[in-house]
Amino acid sequence: MSAARSVLLIVGGGIAAYKALELVRLLRKAGIAVTPILTEGGAQFVTAMSLSVLAGAKTRQALCSQEDEAEIDHIALSRAADLVVVAPASANLIAKAANGHADDLATTVLLATDKAVLMAPAMNVRMWQHPAVRRNVERLIADGVGMVGPDEGEMACGEYGPGRMTEPQAIFEAILARLETAPKPLARRHVLVTAGPTHEPIDPVRYLANRSSGRQGYAIAAALAELGAAVTLVSGPVALDPPKGASLVRVETARQMLDACRAALPADAAVMVAAVADWRPSVAADHKLKKVTAGAVVDLVENPDILAAIAAPGPQRPRLVVGFAAETQDLQANAAAKLRAKGCDWIVANDVSQEGVMGGEDNSVTVVTAQGGEAWPRLAKTQVAAQLAQRIAAALA
Ligand code: CTP
């Protein structure tokens, strides 16, 4: 199971809430991202802190928390995961969900989501058998909600019968089964990605290059493949393993990269992350230049602009063309100018003046479109990749 799979976990009220902590642990161990939502009832039994620590992600509680909504609004939150899980699902939460109430974050998310929902009910046996609860559960099942459990057994209140929340392991397995069958958002889409530097030969042993590590482009190719896309990754020379699920085309020069990109079309989207050398030596010597000649000036000519070529209007133009822009100053203004000049749809501008960005593990990006710029917090390159892949999937949907 891959890290790109994610679950939005709503923890409702009831003593079984403590078992949700074990469920989070199992999911994280399997590499599944968990975003917890804790209801008011749930908070009587477990703390947001315990959930956050185990999930490695912030627990959300209030519907209209200014701070949370600035990060991601509740509608986006409801769709950001592959699956919504309610464990435990109390009689009250089930009743509200069955009747379409939206009076807190959990119920609002349940109404707004376009993802599959799985509930693990937990309540007293008499409550579980009450006709009102039976009705509500039937209605939710008719609405397409999956149910796992409850189990039969001794309950915390001392009674015996069905109503006890299924064990975390069984809920975990039900989640896995659903994630595996969930259709991937980029299935049947072809995405072209470029990555790495280009090497522009001066002679057989020397070349012009730059410090690009290729990490961001490789992470994006992997994240797109995770979402089901067929990915062609055209890569300059880098020392990275080919990303799982992408088809890798290795090139050296900008002109080879352009040819490989053209050959990869048609594509639904193109994400040009490569740090293409803007210039190349006008002639690459056939033989190694001798010291006596190397003191001379290397004459440079401009390379083709691959992004502009792929974004140019025409029958082969991908529906979405995304460029990257390495900037050290006036990030947004420069990126907006590049967006127009190159004719692409989005520019992901990265601030390479920040320490550790160029060639490092992190990235600090602003996504610029014709509508304006959106600055993302500084994130690991793999996280930038995952978020960008989700956004591309949404744009192509
Ligand atoms: N790019 C390209 N071909 C080139 C140069 C750049 O495809 N010959 C693409 C990069 O892959 C990136 C975007 O254009 O997606 C912007 O790259 P950047 O180096 O920031 O822009 P330049 O056009 O080179 O502008 P400058 O160096 O003047 O900032």
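Counting starts at 1 for both ligands and their atoms, in listed order. Remember, it's a predicted structure, so these values are computed and weren't measured experimentally.
If you look at ligand 1, the protein residues with a non-hydrogen atom under 4.0 Å away are M272, A274, V276, D278, P304, D305, I306, L307, G323, F324, A325, A326, K338, K342.
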Tabulate below the donor-acceptor pairs under 3.5 Å that side-chain atoms of residues 27-37 make, not counting sequence neighbours, or state none.
from : atom 1 : to  : atom 2 : distance (Å)
R28  : NE     : A55 : O      : 3.1
R28  : NH1    : I32 : O      : 3.2

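Side-chain N or O atoms of T113 include one that pairs as donor or acceptor with a backbone N or O of S78 at under 3.5 Å.
Listed by first then second residue, pairs satisfying ring pair (Phe, Tyr, Trp, His ring centres under 6.0 Å) with a partner in residues 177-235 read H199-Y207, not counting sequence neighbours. For residues 7-59, no residue pair satisfies the ring pair (Phe, Tyr, Trp, His ring centres under 6.0 Å) rule, not counting sequence neighbours.
Salt-bridge formation is not detected for the pair D305/K338: no Lys NZ or Arg NE/NH1/NH2 atom is positioned less than 4.0 Å from an Asp or Glu carboxylate oxygen. In summary, E138 and R135 do not engage in a salt bridge, as defined by a charged side-chain N under 4.0 Å from a carboxylate O.
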